[in-house]
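Heads up: the structure comes next, in structure tokens.
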Amino acid sequence: MALTGRAALLAALGSIPVGILEPGWTGILAVNGPLALACACDYALAAPVRQLVLSRSGDTSTRLGENADVTLTITNPSRRALRAQLRDAWPPSSWQPGTEIEASRHRLTVPSGERRRVTTRLRPTRRGDRQADRVTIRSYGPLGLFSRQGTHRLPWSVRVLPPFTSRKHLPSKLARLRELDGRTSVLTRGEGTEFDSLREYVPGDDTRSIDWRATARQSAVAVRTWRPERDRHILLVLDTGRTSAGRVGDAPRLDASMDAALLLAALASRAGDRVALLAYDRRVRALVQGRSARDALPGLVNAMAPLEPELVETDARGLTAAALRTAPRRSLIVLLTTLDAAPVEQGLLPVLPQLTQRHTLLVASVADPHIARMAKARGNTEAVYEAAAAAQAQSERQRTAEQLRRHGVTVVDATPEDLAPALADAYLALKAAGRL
């Protein structure tokens with residue numbers, strides 16, 4: 001039982017001392033009879049909190065930066081009307097800063113034997129699973145002098161998915177893919193392309209594509225058409241070690257890598273290729289494989305949602321072994337990791353032949369745009385020193401990338417905004433060349 005502000009004011013005016021009403025409860029024992037009677041009646045008419053029946057419904061997932069609505073249904077089985085304040089508690093990262101009080105607190109009235117619904121609107125600021133804590137209800141009497149308070153635990157989870165901001169590039173990349181299909185059908189007969197159909201020869205066609213047997217059976221010259229390879233295997237490997245925790249702008253590098261991986265997965269699925277995901281640092285953090293083209297992207301998004309960078313050095317040998325187990329057939333392995341000299345030279349380069357011997361390897365890395373701005377800075381001594389340091393850092397990344405290229409690795413090094421489209425372009429280039 002709790003004393004309300006109104007009762008406290010009356011108590012002060014009437015010089016009411018504090019006393020014990022019953023074991024475990026403290027309250028106000030009124031000196032004058034009318035006030036004591038009013039307080040007792042108000043407490044007695046407040047609906048009991050523990051008898052209330054609560055249930056949840058609503059969203060179980062949302063994208064980062066979007067809203068999720070979770071509805072509470074409050075049923076009042078008692079004979080007294082419920083007049084209450086309710087707090088629906090969630091972790092602080094479930095709302096934008098400064099909006100928690102307004103979003104989590106509700107006023108409601110539930111007549112006897114009826115039920116009401118209130119909706120808590122979440123707007124999470126971090127990926128992962130957000131678990132509901134407890135529901136606290138404060139029930140008031142009709143005079144508002146006293147209140148009963150209690151809590152109910154109602155488990156509910158909302159999974160916050162990656163935002164997939166690079167989705168805006170998907171239409172242009174799909175148009176490029178369709179263009180590639182048409183252009184390849186007419187001009188390309190390179191290694192790794194697949195026969196599509198026969199059609200009549202038009203000026204400009206490659207004469208090497210003429211099908212002489214088909215031409216002999218008909219009056220017109222027939223040419224073979226070819227299309228880019230389909231049903232190829234692509235393994236996306238996310239390095240979740242300590243280097244992925246470095247922040248570039250407002251987000252860690254891992255988030256930019258996820259966004260690029262999602263765009264590539266969406267594009268590859270539309271192109272008819274099979275996509276799998278492996279997240280690794282010193283152990284497997286996530287694994288998605290064997291999904292159909294329709295289920296691939298939802299499966300990847302759901303697996304990426306709870307991933308967080310681990311502050312440990314990535315085990316390159318373990319990562320290589322896990323990748324080879326996941327991709328037993330010839331595949332395009334896309335490794336999203338760092339281009340820092342030490343992790344590559346000491347970790348990746350010694351095990352690189354194991355990957356490139358059977359698979360096509362593409363390494364993608366997130367570059368810091370602040371380094372590029374520092375390299376252009378001039379005007380004072382401090383700016384010149386910063387420019388020199390940035391130029392040295394850029395030179396080391398270029399040298400590391402060149403070492404990888406000499407081993408036949410395709411390297412994509414771009415800022416968070418440019419990484420996703422650059423990676424998609426690299427995939428399309430490999431597909432056009434028949435290297436998947």
Side-chain angles (χ1 to χ4, degrees), residues 1-9 11 18-29 39-62 67-126 128-160 306:
M1 179 175 63
L3 184 68
T4 66
R6 187 181 304 175
L9 178 61
V18 176
I20 302 297
L21 296 183
E22 57 180 275
W25 297 97
T26 60
I28 299 298
L29 192 61
C39 291
C41 291
D42 198 47
Y43 172 73
L45 293 175
V49 175
R50 300 191 185 279
Q51 294 183 16
L52 300 175
V53 179
L54 278 68
S55 61
R56 289 191 187 272
S57 60
D59 296 332
T60 56
S61 65
T62 185
N67 295 330
D69 291 337
V70 179
T71 300
L72 272 170
T73 302
I74 302 97
T75 304
N76 180 16
S78 70
R79 297 180 179 180
R80 308 165 200 165
L82 174 68
R83 305 168 187 86
Q85 286 184 332
L86 179 149
R87 178 175 182 261
D88 189 6
W90 290 76
S93 59
S94 301
W95 291 281
Q96 298 290 332
T99 64
E100 176 182 358
I101 294 179
E102 180 181 357
S104 64
R105 287 166 170 76
H106 309 274
R107 286 184 177 272
L108 72 157
T109 299
V110 186
S112 173
E114 297 186 14
R115 62 185 179 185
R116 294 290 185 271
R117 293 183 176 89
V118 296
T119 299
T120 300
R121 173 157 290 182
L122 309 178
R123 192 175 179 85
T125 57
R126 293 179 59 187
D129 295 328
R130 297 292 167 267
Q131 305 287 346
D133 189 3
R134 65 188 70 183
V135 178
T136 302
I137 301 177
R138 180 171 291 178
S139 171
Y140 292 92
L143 299 178
L145 299 178
F146 279 87
S147 65
R148 304 169 184 257
Q149 181 168 307
T151 60
H152 292 258
R153 291 192 176 274
L154 287 176
W156 192 262
S157 178
V158 175
R159 172 155 288 191
V160 186

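- Distance CG/Leu72 to NE2/His152: 10.5 Å, rounded to 0.5 Å.
- Within the 4.5 Å cutoff, the side chain of Pro124 has heavy atoms near those of the Thr62 side chain.
- Side chain of Asn76 to main chain of Val110: a donor-acceptor pair is present (N/O by atom type, distance under 3.5 Å, no hydrogens or angles).
- Just one of Leu154, Ile74, Thr73, Thr75 meets the side-chain contact (heavy atoms from CB on, under 4.5 Å) condition when paired with Ser55; it is Thr73.
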Next on the checklist: Working note: Val158 + Leu122, criterion side chain to side chain contact (heavy atoms under 4.5 Å, CB included); need CA distance, chi angles, decisive distance, verdict.
Outcome noted: CA-CA 9 Å; Val158 175; Leu122 309 178; 4.0 Å; yes
Side chain to side chain contact (heavy atoms under 4.5 Å, CB included) between Asp133 and Arg153: does it pass, once the steps are laid out? CA-CA 7 Å; Asp133 189 3; Arg153 291 192 176 274; 3.4 Å; yes
- Verify side chain to side chain contact (heavy atoms under 4.5 Å, CB included) between Leu86 and Val135, making sure each step is shown before the conclusion. CA-CA 7 Å; Leu86 179 149; Val135 178; 3.8 Å; yes
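- The shortest distance between side-chain heavy atoms of Arg159 and Pro306 falls below 4.5 Å.
- Inspection of the Arg138 and Gln85 side chains reveals no N or O donor paired with an N or O acceptor under 3.5 Å.
- Test Asp88, Leu54, Leu108 against Ile137 for side-chain contact (heavy atoms from CB on, under 4.5 Å) and you get one pass: Leu54.
- Remark: the Ser93 side chain and the Arg130 side chain contain an N/O donor-acceptor pair separated by less than 3.5 Å.
- Taking CZ from Arg134 and CH2 from Trp90, the interatomic distance works out to 14.5 Å, rounded to the nearest 0.5 Å.
- Asp59 places no side-chain N or O within 3.5 Å of a backbone atom of Val70 that could act as its donor or acceptor partner.
- By the 4.0 Å N-to-carboxylate-O rule, Glu100 lies close enough to Arg87 to be salt-bridged with it.
- Within a 6.0 Å radius of CZ in Arg80, more than 12 heavy atoms belonging to other residues, nucleotides or ligands are found.
- A 4.5 Å side-chain heavy-atom check between Gln131 and Pro155 finds every atom pair outside the cut-off.
- More than 12 heavy atoms of other residues, nucleotides or ligands lie within 6.0 Å of CZ in Arg56, so this atom counts as buried by the packing criterion.
- Taking both residues in full, the closest heavy atoms of Ala47 and Arg148 are given as O-CD, 3.6 Å, listed atom of the first, atom of the second, then distance.
- When side chains are defined from C-beta on, Gln96 counts as touching Thr125, because their heavy atoms get closer than 4.5 Å.
- Within a 6.0 Å sphere centred on CZ of Arg105, other residues, nucleotides and ligands contribute more than 12 heavy atoms.
- Minimum interatomic distance between Asn67 and Arg123 (heavy atoms only, all atoms of both residues): OD1-NH1, 2.9 Å.
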_side-chain hydrogen bond (donor to acceptor under 3.5 Å, both in side chains) assessment of Thr119 paired with His106_ = CA-CA 9 Å; Thr119 299; His106 309 274; over 6 Å; no
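- In this structure, Leu52 and Pro48 approach most closely via the heavy-atom pair CG-O, 3.7 Å.
- In this structure, Gly58 and Trp156 approach most closely via the heavy-atom pair O-CZ2, 3.6 Å.
- Of all the heavy atoms in Ala84 and Ser139, the pair that sits closest is CB-CA, 4.2 Å.
- Counting heavy atoms from C-beta outward, Arg116 and Thr109 have side chains that stay 4.5 Å or more apart.
- Trp95 places a side-chain N or O within donor-acceptor distance of the main-chain N or O of Arg121, the cut-off being under 3.5 Å.
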